[in-house]
Participant: 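The following block contains the structure, expressed as structure tokens.
Here, residue 1 is the first one in the sequence, and each next residue gets the next number. Keep in mind that the numbers below use all heavy atoms, side chains included, and drop hydrogens, waters and symmetry copies.
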Amino acid sequence: MGYQLVRLQERHCSILYRWDLKEPRRDLYTCRPINPLPDLKTYSQRLMDRVRSQRHIIYCLTQGDEQILGKIEAFDWNPRNKSMEFGYYLPPAHRGQGMGTAMLRLFLGEIFSNETLGLNKVYATTAEHNTASIRLLERFGFHLDGILREHYWTAEGVVAQLHFSLLRAELKL
């Protein structure tokens, strides 16, 4: 059975929470501030509040038995610019198995067909050393729009952030 995306439901929050707790290097996957995780109840409530705002969409990648394998989320919807940023995450046990490719393919089909959003462009950022993410975005035809030099710090030092985008007209699934 193939992969599918399901919208985040409250019952999924505990899995995403565990992933955040277990990820040893959260600092490598975002340029945003790394805050201590709240308790599970607060974490779940914040996630569900963001989703209810309808300006934030979270999908979970599943296969068959609905085991959650990864997540991909779209946020910062800008109706004027017809754009939205997105990010994705696979826990270490699910990396390197083609799940990121499947997840991004499903997501792009879903997000660009969403008439309520009416998107013309989606964009993502990644750290300069995240070669797996860079290859994934390039595989789908994303264009490197720019580089923010010395944009955030990790335990290893300062890192540049790469900005990629894909226009609706460039979408090839």
Participant: Taking all atoms of both residues into account, what is the closest heavy-atom pair of M84 and I111, and its distance?
Facilitator: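 That closest heavy-atom pairing would be SD-CD1, 4.4 Å.
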Participant: Quick check: closest heavy atoms across Y43 and D20, and the distance to 0.1 Å?
Facilitator: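 Of all heavy-atom pairs spanning Y43 and D20, the closest is OH-OD2, 2.9 Å.
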Participant: Are Y123 and D76 close enough, and set up right, to give a side chain to side chain contact (heavy atoms under 4.5 Å, CB included), and what steps lead you there?
Facilitator: CA-CA 10 Å; Y123 57 96; D76 290 340; 4.3 Å; yes
Participant: Establish whether I58 and L117 are linked, either directly or via other cluster members, by ILVMFWY side-chain heavy-atom contacts under 4.5 Å.
Facilitator: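 No, because I58 and L117 fall into different hydrophobic clusters, even though each may have its own neighbours under 4.5 Å.
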Participant: Just by distance, do the side chain of Y89 and the backbone of E73 share a donor-acceptor pair under 3.5 Å?
Facilitator: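 It does not hold such a pair.
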Participant: Are I147 and I134 connected in the hydrophobic side-chain network, where two residues link if heavy atoms are under 4.5 Å apart?
Facilitator: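 Yes.
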Participant: Same cluster or not: are W19 and V51 linked, directly or through other Ile, Leu, Val, Met, Phe, Trp or Tyr residues, by side-chain heavy atoms under 4.5 angstrom apart?
Facilitator: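 In one cluster with W19: V51, yes.
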Participant: Identify the two heavy atoms, one from S14 and one from L40, that lie closest to each other, and give their separation to 0.1 Å.
Facilitator: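 Answer, listing the atom of S14 first, then L40: CA-CD1, 3.8 Å.
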Participant: Measuring from L5:CG to L61:CG, what's the distance to the nearest 0.5 Å?
Facilitator: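 If I round to the nearest 0.5 Å, the distance is 6.0 Å.
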Participant: List, one per line, each side-chain donor-acceptor pair under 3.5 Å for residues 161-173, sequence neighbours excluded.
Facilitator:
{"from": "Q161", "atom 1": "OE1", "to": "H151", "atom 2": "NE2", "distance (Å)": "3.2"}
{"from": "Q161", "atom 1": "OE1", "to": "H163", "atom 2": "NE2", "distance (Å)": "3.4"}
{"from": "Q161", "atom 1": "NE2", "to": "T125", "atom 2": "OG1", "distance (Å)": "3.0"}
{"from": "S165", "atom 1": "OG", "to": "D145", "atom 2": "OD1", "distance (Å)": "3.3"}
{"from": "S165", "atom 1": "OG", "to": "D145", "atom 2": "OD2", "distance (Å)": "2.5"}
{"from": "R168", "atom 1": "NE", "to": "L119", "atom 2": "O", "distance (Å)": "3.0"}
{"from": "R168", "atom 1": "NH1", "to": "F112", "atom 2": "O", "distance (Å)": "2.9"}
{"from": "R168", "atom 1": "NH2", "to": "F112", "atom 2": "O", "distance (Å)": "3.1"}
{"from": "R168", "atom 1": "NH2", "to": "L119", "atom 2": "O", "distance (Å)": "2.7"}
{"from": "E170", "atom 1": "OE1", "to": "L167", "atom 2": "N", "distance (Å)": "2.9"}
{"from": "E170", "atom 1": "OE2", "to": "H143", "atom 2": "NE2", "distance (Å)": "3.2"}

Participant: If you take all heavy atoms of W77 and P79, which pair is closest and at what distance?
Facilitator: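 Answer, listing the atom of W77 first, then P79: O-CD, 3.6 Å.
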Participant: Nearest heavy-atom pair of I72 and F86: which atoms, and what distance?
Facilitator: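 Of all heavy-atom pairs spanning I72 and F86, the closest is CD1-CD1, 4.1 Å.
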Participant: With rounding to the nearest 0.5 Å, note down the distance linking OG in S133 to CD in E128.
Facilitator: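 So the gap between those two atoms works out to 13.0 Å.
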Participant: Are I68 and Y88 connected in the hydrophobic side-chain network, where two residues link if heavy atoms are under 4.5 Å apart?
Facilitator: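 No, I68 and Y88 fall in different hydrophobic clusters.
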Participant: Take L69 and T62 through the test side chain to side chain contact (heavy atoms under 4.5 Å, CB included) and record every step on the way to the result.
Facilitator: CA-CA 6 Å; L69 305 169; T62 65; 5.8 Å; no
Participant: So how far is it from I57 CD1 to F107 CZ, rounded to the nearest 0.5 Å?
Facilitator: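 One finds 7.0 Å between CD1 of I57 and CZ of F107.
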Participant: Any idea which heavy atoms bring L106 and Q4 closest together, and the distance?
Facilitator: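 Result for this residue pair: CD1-CA, 3.8 Å.
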Participant: Yes or no on side chain to side chain contact (heavy atoms under 4.5 Å, CB included) for K71 and Y59, after CA distance, side-chain angles and deciding distance?
Facilitator: CA-CA 6 Å; K71 75 168 181 167; Y59 293 105; over 6 Å; no
Participant: Just wondering, more than 12 heavy atoms not from E156 lying within 6.0 Å of its CD?
Facilitator: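 Atom CD in E156 is crowded, with more than 12 foreign heavy atoms closer than 6.0 Å.
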Participant: What pairs meet the salt bridge (Lys or Arg N to Asp or Glu O under 4.0 Å) rule with one or both residues in residues 86-110, with sequence neighbours excluded?
Facilitator: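 Checked against salt bridge (Lys or Arg N to Asp or Glu O under 4.0 Å) - neighbours excluded - the pairs reaching residues 86-110 are E23-R95.
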Participant: So, taking the atom named CG in L104 and the one named CZ in F140, what distance separates them when rounded to the nearest 0.5 Å?
Facilitator: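 One finds 4.5 Å between CG of L104 and CZ of F140.
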Participant: Linking directly or through intermediates, with side-chain heavy atoms under 4.5 Å: list the remaining ILVMFWY members grouped with V6, chain and number order.
Facilitator: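 Members alongside V6: none; it stands by itself.
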Participant: Can you tell if the side chain of Y152 reaches within under 4.5 Å of the side chain of I34, non-hydrogen atoms only?
Facilitator: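 They are not in side-chain contact.
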Participant: Would you compute the distance between atom OG1 of T126 and atom CG of L144 and round it to the nearest 0.5 angstrom?
Facilitator: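 Between T126 OG1 and L144 CG, I get 11.0 Å after rounding to 0.5 Å.
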Participant: Can you measure from CG (L47) to CG (L8) and round to the nearest 0.5 angstrom?
Facilitator: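 CG of L8 is found 6.0 Å from CG of L47.
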Participant: Do other residues, nucleotides or ligands put more than 12 heavy atoms under 6.0 Å from R52 CZ?
Facilitator: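 More than 12 heavy atoms, drawn from other residues, nucleotides or ligands, come within 6.0 Å of this atom.
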Participant: Here's a test for you: under side-chain contact (heavy atoms from CB on, under 4.5 Å), which of M48, R46, K41 qualifies with C13?
Facilitator: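 Running side-chain contact (heavy atoms from CB on, under 4.5 Å) over M48, R46, K41 with C13 returns exactly one hit, M48.
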